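A short write-up of the structure that comes next.
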Amino acid sequence: MPLLTGAEPFRHEGGETAVLLCHGFTGSPQSLRPWAGHLAERGLTVSLPLLPGHGTRWQDLGVTGWQDWYAEVDRELRMLRDRCARVFVAGLSMGGALALRLAARHGDAVSGVMVVNPANKVHGVAAHALPVLRHLVPATKGIASDIAKPVTRELGYDRVPLHAAHSLRNFFRLVDSELPQVTQPLLLMRSPQDHVVPPADSARILSRVSSVDVTEVLLEQSYHVATLDYDAELIFREGAAFVGRLAPGAVREPGLGNEGTTAGG
């Protein structure tokens with residue numbers, strides 16, 4: 001199937017410090033492209049892959065699972081490590097869970113973690129019925145585009161395939177068990193008004209990671225897809241400052257000798 005316009009992956013070859021960005025469940029790179037561009041403009045190497053089953057039609061997602069999504073970002077991380085001296089991982093929603101697992105499994109190969117409204121659990125009574133329900137009902141209503149800013153839309157599916165949702169539930173359980181292995185500096189940014197992921201998920205993550213260097217930022221004006229919402233610039237500033245603090249000299253202001261090439265979308 002052809003990609004939806006705007007769902008293309010993004011890659012920028014910059015300096016020796018890289019950021020790997022992971023988009024959310026049923027979403028696409030479009031939700032993180034402005035953040036990726038902000039980081040690229042500041043001289044960083046940036047990779048924003050398209051996860052398998054995403055960016056086309058919801059039926060394609062239904063035949064993939066968490067192993068496929070994680071394998072994609074794991075492969076990107078390894079490629080960045082071959083190219084760069086330092087790699088940071090970041091993610092939105094399920095992408096936050098992917099980033100946290102990368103940190104848990106790769107240890108010192110990951111320099112820091114940035115997550116926005118990270119998801120940790122599939123909530124509600126229906127979650128417990130998924131093992132059976134997924135064989136009876138192909139999909140349910142979508143979760144994309146929870147944004148306070150008028151007109152702004154997230155490029156995501158309008159349906160959630162239940163086979164994929166069941167796999168996501170299993171993935172969250174796995175990541176939750178691995179959170180104590182996360183020791184890297186952590187920047188967690190969350191929206192108090194989030195209609196997709198409740199505050200309990202961020203609280204759970206903060207209580208279980210072993211990171212000592214932890215910063216929590218509230219995104220007071222945004223809903224779930226905060227990277228496209230009113231607090232987007234705050235996310236971009238906090239993210240760049242986080243990387244700059246941990247990798248001195250890596251982040252440069254636009255126009256100050258930045259070099260690199262951009263590909264994809």
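Model, not experiment: these values are computed from the prediction. Sequence positions, counted from 1, serve as the residue numbers for this chain.
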| Given side chains that start at C-beta, do those of Leu102 and Leu20 come closer than 4.5 Å, heavy atoms only? | yes

| Test item: Thr215 side-chain N/O and Leu187 main-chain N/O as donor-acceptor pair under 3.5 Å | no

| message | Hydrophobic cluster membership, with links at side-chain heavy-atom distances under 4.5 Å among I/L/V/M/F/W/Y: are Leu50 and Val46 in one? | response | no

| message | Would you compute the distance between atom CG of Leu77 and atom NE2 of His106 and round it to the nearest 0.5 angstrom? | response | 4.5 Å

| message | If we ignore hydrogens and angles and just use 3.5 Å, is the side chain of Asp229 paired with the main-chain N or O of Lys149 as donor and acceptor? | response | yes

| field | Note, Val19 side chain near Trp35 side chain (heavy atom, < 4.5 Å) | value | no

| said: Run the side chain to side chain contact (heavy atoms under 4.5 Å, CB included) test on Val87 and Val110 for me, step by step, so that the C-alpha distance in whole Å, both residues' side-chain angles and the decisive distance to 0.1 Å come before the verdict. | reply: CA-CA 5 Å; Val87 181; Val110 172; 5.9 Å; no

| Stepwise side chain to side chain contact (heavy atoms under 4.5 Å, CB included) check, Met94 with Thr26 | CA-CA 9 Å; Met94 177 191 76; Thr26 76; over 6 Å; no

| Joint cluster assignment, Tyr230 & Val225, ILVMFWY side-chain distance < 4.5 Å | no

| query | What's the verdict on side chain to side chain contact (heavy atoms under 4.5 Å, CB included) for Trp58 and Val160, showing C-alpha distance, side-chain angles and the deciding distance? | reply | CA-CA 7 Å; Trp58 68 260; Val160 175; over 6 Å; no

| said: Quick check: do Leu186 and Asp213 have side-chain heavy atoms less than 4.5 Å from each other? | reply: no

| Test: Asp82 and Arg78 ion pair at under 4.0 Å | no

| message | If we count only N and O atoms by modelled type, under 3.5 Å, do the side chains of Trp69 and Thr64 hold a donor and an acceptor together? | response | yes

| note | Nearest heavy-atom contact between Glu178 and Ala104 is O-CB, 3.6 Å

| query | Side chains of Leu80 and Arg11: closer than 4.5 Å at any heavy-atom pair? | reply | yes

| query | Is the backbone N or O of Asp194 less than 3.5 Å from a side-chain atom of Arg190, with the two atoms forming a donor-acceptor pair by type? | reply | no

| task | Indicate yes or no for a side-chain donor-acceptor contact from Arg173 to the backbone of Lys121 under 3.5 Å, with no hydrogens or angles considered. | result | no

| query | Within a strict 4.5 Å, meaning less than it, do heavy atoms of the Asn117 and Val196 side chains meet? | reply | no

| query | Atom CG of Leu162 and atom CZ of Arg169: how far apart are they, to the nearest 0.5 Å? | reply | 12.5 Å

| request: Please confirm whether the backbone N or O of Pro52 pairs with a side-chain atom of Asp68, one donor and one acceptor, at under 3.5 Å? | output: no

| N/O donor-acceptor pair under 3.5 Å between Asp231 side chain and Ser222 backbone | yes

| Pick from Ser145, Ser191, Ser93: which one makes a side-chain hydrogen bond (donor to acceptor under 3.5 Å, both in side chains) with His224? | Ser93

| message | Please check this pair: side chain of Ser210 against backbone of Pro180, looking for a donor-acceptor N/O pair closer than 3.5 Å. | response | yes

| task | Look at the aromatic rings of Phe25 and His54 and report parallel, tilted or perpendicular, splitting at 30° and 60°. | result | perpendicular

| said: For the CG atom of Leu21 and the CG atom of Leu39, what is their distance to the nearest 0.5 Å? | reply: 6.0 Å

| request: Give a yes or no on whether the backbone of Asp176 and the side-chain of Arg208 come within a donor-acceptor separation of less than 3.5 Å. | output: yes

| request: Is it possible for you to say whether Ile235 and Leu218 belong to one hydrophobic cluster, with membership spreading through side-chain heavy-atom contacts below 4.5 Å? | output: no

| Would Glu13 and Thr45 count as having a side-chain donor-acceptor pair, cut-off 3.5 Å? | no

| Nearest atoms (heavy-atom pairs only) where Val73 meets Pro49 | CG1-CG, 4.3 Å

| Heavy-atom closest contact (Glu220 atom, Gln193 atom, distance) | O-NE2, 4.0 Å

| Got a second to check how far Arg105's CZ is from Asp74's CG, nearest 0.5 Å? | 7.5 Å

| query | Within the side chain of Arg42, is there an N or O that forms a donor-acceptor pair under 3.5 Å with the backbone of His38? | reply | yes

| field | Minimum-distance pair of heavy atoms, taken over all atoms of Leu228 and Pro34 | value | CD2-CG, 3.9 Å

| task | Would you sort out whether Leu44 and Val243 count as a side chain to side chain contact (heavy atoms under 4.5 Å, CB included), showing the intermediate values? | result | CA-CA 10 Å; Leu44 300 171; Val243 173; 4.2 Å; yes

| field | Short side-chain to backbone donor-acceptor contact, Gln184 and Gly107, under 3.5 Å | value | yes

| query | Does a salt bridge link Arg204 with Asp201, judged by any charged N lying under 4.0 Å from a carboxylate O? | reply | no

| 4.5 Å side-chain heavy-atom contact, Leu3 and Thr56 | yes

| query | Hey, does Met189 have a side-chain heavy atom less than 4.5 Å from the side chain of Glu216? | reply | no

| Under a 4.5 Å cut-off applied to non-hydrogen side-chain atoms, are Glu154 and Ile147 in contact? | yes

| Any ion pair linking Glu16 and Arg86 (charged N to carboxylate O, less than 4.0 Å)? | no

| field | Which atom of Pro9 lies closest to which atom of Pro29, heavy atoms considered | value | CA-CG, 4.1 Å

| message | Are Leu174 and Phe172 connected into the same hydrophobic cluster when the rule is that any two of I, L, V, M, F, W, Y join if their side-chain heavy atoms are below 4.5 Å apart? | response | yes

| Any idea how Trp66 and Phe171 line up, ring-wise: parallel (<30°), tilted (30 to 60°), or perpendicular (>60°)? | parallel

| task | State, to 0.1 Å, how close Pro185 and Leu246 come at their nearest heavy-atom pair, and which atoms those are. | result | CB-CD1, 3.6 Å

| Rounded to the nearest 0.5 Å, how far apart are CG of Asn120 and CD1 of Ile205? | 5.0 Å

| note | When Leu51, Leu92, Leu155 are each screened for side-chain contact (heavy atoms from CB on, under 4.5 Å) with His23, the one that passes is Leu51

| Which value, rounded to the nearest 0.5 Å, describes the distance between Gln30 atom CD and Leu32 atom CG? | 9.0 Å

| Val217 and Val251: same hydrophobic cluster, using ILVMFWY side-chain contacts below 4.5 Å? | yes

| field | Pi-cation contact, Tyr157 with Arg57 (under 6.0 Å, within 45°) | value | no

